[in-house]
Amino acid sequence: MKILIVDDSSTMRRIIINTLSRIGYTDVVEGENGKNGLEKLGQGGVEMIITDWNMPEMDGLEFVKTVRGQNAAIPILMVTTNAAKEDIVEALQAGVNNYVVKPFTPETLKEKIESLLG
Amino acid sequence: MDQSEIDALLAGGGKSPKKPKGGKGSEPDPAPAPPAPQSAAHGEPHKDGSGHVISELDTVTAVTERESNKVMDQLDQISRLVSRQQQLITDMMRHEGAQAQGVQKAIHEVMSASKEIQDKVFEAMDLMQFQDITRQKLERIVHHLRQIHDYIVDLLGTGLKSDAERPSISHTIAQTGTTPDENKAHADAVIEAFKSQKKG
């Protein structure tokens, strides 16, 4: 399963990649922001998206809305520092399937991914 | 202090950040320059010094990200070495001379310690999330500085407004600590409520 990780922090991308590899997902592709994420998504083969919210050029919310305009089925998990109820609701309305607030534990990421894929 | 930090200080004409004086406890300056901030325009100093502060914060962000990645590199290397060690131990266990009960017990203990090291390395990697959280907190400070700067420009009717595009900021980050999953229950409850509302 190929997973697209969109986050402007290279440290955070590494942490997510590392967590994914520990739970058996090693096929990943990275994007630095929403715009770059769309390019990577356009290259095909992506079956799941993990995206941050606050990014330059195109933020996660705009990215999710654009993706949902093209693909209604792909599971999207948002991993962000935005913890307010309004933010979570806004992300869900935009088309996010599940939501993780940073900092997270590997167990949480695993649980959320499995619930999306299950 | 590396060259880009020196350049930022020279450009802004600001004060040098305090650093321990030389001697036994002092650490050498890191050699490689940090990556450029996400947009070069972010760091352009304004004559009033607000650009200088923003530039310094961008430099801090770039430096912490670079250094965090160095720590991640080291942790990756430790992880690889521990995996290699575990492989060697596994091979050793199959060796004819290692079949004695006492030897097998000792090998199992070494293996268990090795597994513990691996878990601690993974835990340390996960804790590096603090870098991104700190970065976003700094981004929020930059956002407010720019708002104050633009307000003053409007008020005085002189000067340049901030024009560089920055990442969107988190408005609730102050409530977010660095303890993992502090907000998990809250987020899960909102998701559940949203889903049941949608169903209903």
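Proteins come first, then strands; the chains are lettered A, B, ... in the order of their sequence lines, and each starts at number 1.
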* Asked: Out of curiosity, B:Ser114 OG to B:Arg84 CZ, how far, rounded to the nearest 0.5 Å?
  -> 12.5 Å
* How many angstroms lie between CG in A:Asp8 and CE in A:Met58, if you round to the nearest 0.5 Å? -> 14.0 Å
* Asked: Which of the residues B:Lys195, B:Glu123, B:Met128, B:Met72 is involved in the greatest number of heavy-atom pairs with chain A at under 4.5 angstrom?
  -> B:Met72
* Flag the one option from B:Asn69, B:Asp188, B:Asp76 with the top tally of heavy-atom pairs under 4.5 Å to chain A. => B:Asn69
With distance as the sole test, does [X] use its side chain to make a donor-acceptor pair with the main-chain N or O of [Y] at under 3.5 Å?
X: B:Gln197; Y: B:Glu192; value: no
X: B:Ser79; Y: B:Leu75; value: no
X: B:Gln129; Y: A:Ile15; value: no

* Structure fact -> Okay, A:Asn33 and chain B: the region with an atom under 4.5 Å from a heavy atom over there is neither
* In terms of heavy-atom pairs under 4.5 Å, which option from A:Leu92, A:Thr105, A:Ile88 contacts chain B the most? -> A:Leu92
* Heavy-atom pair count under 4.5 Å with chain B, highest-scoring of A:Glu111, A:Glu107, A:Glu32 -> A:Glu111
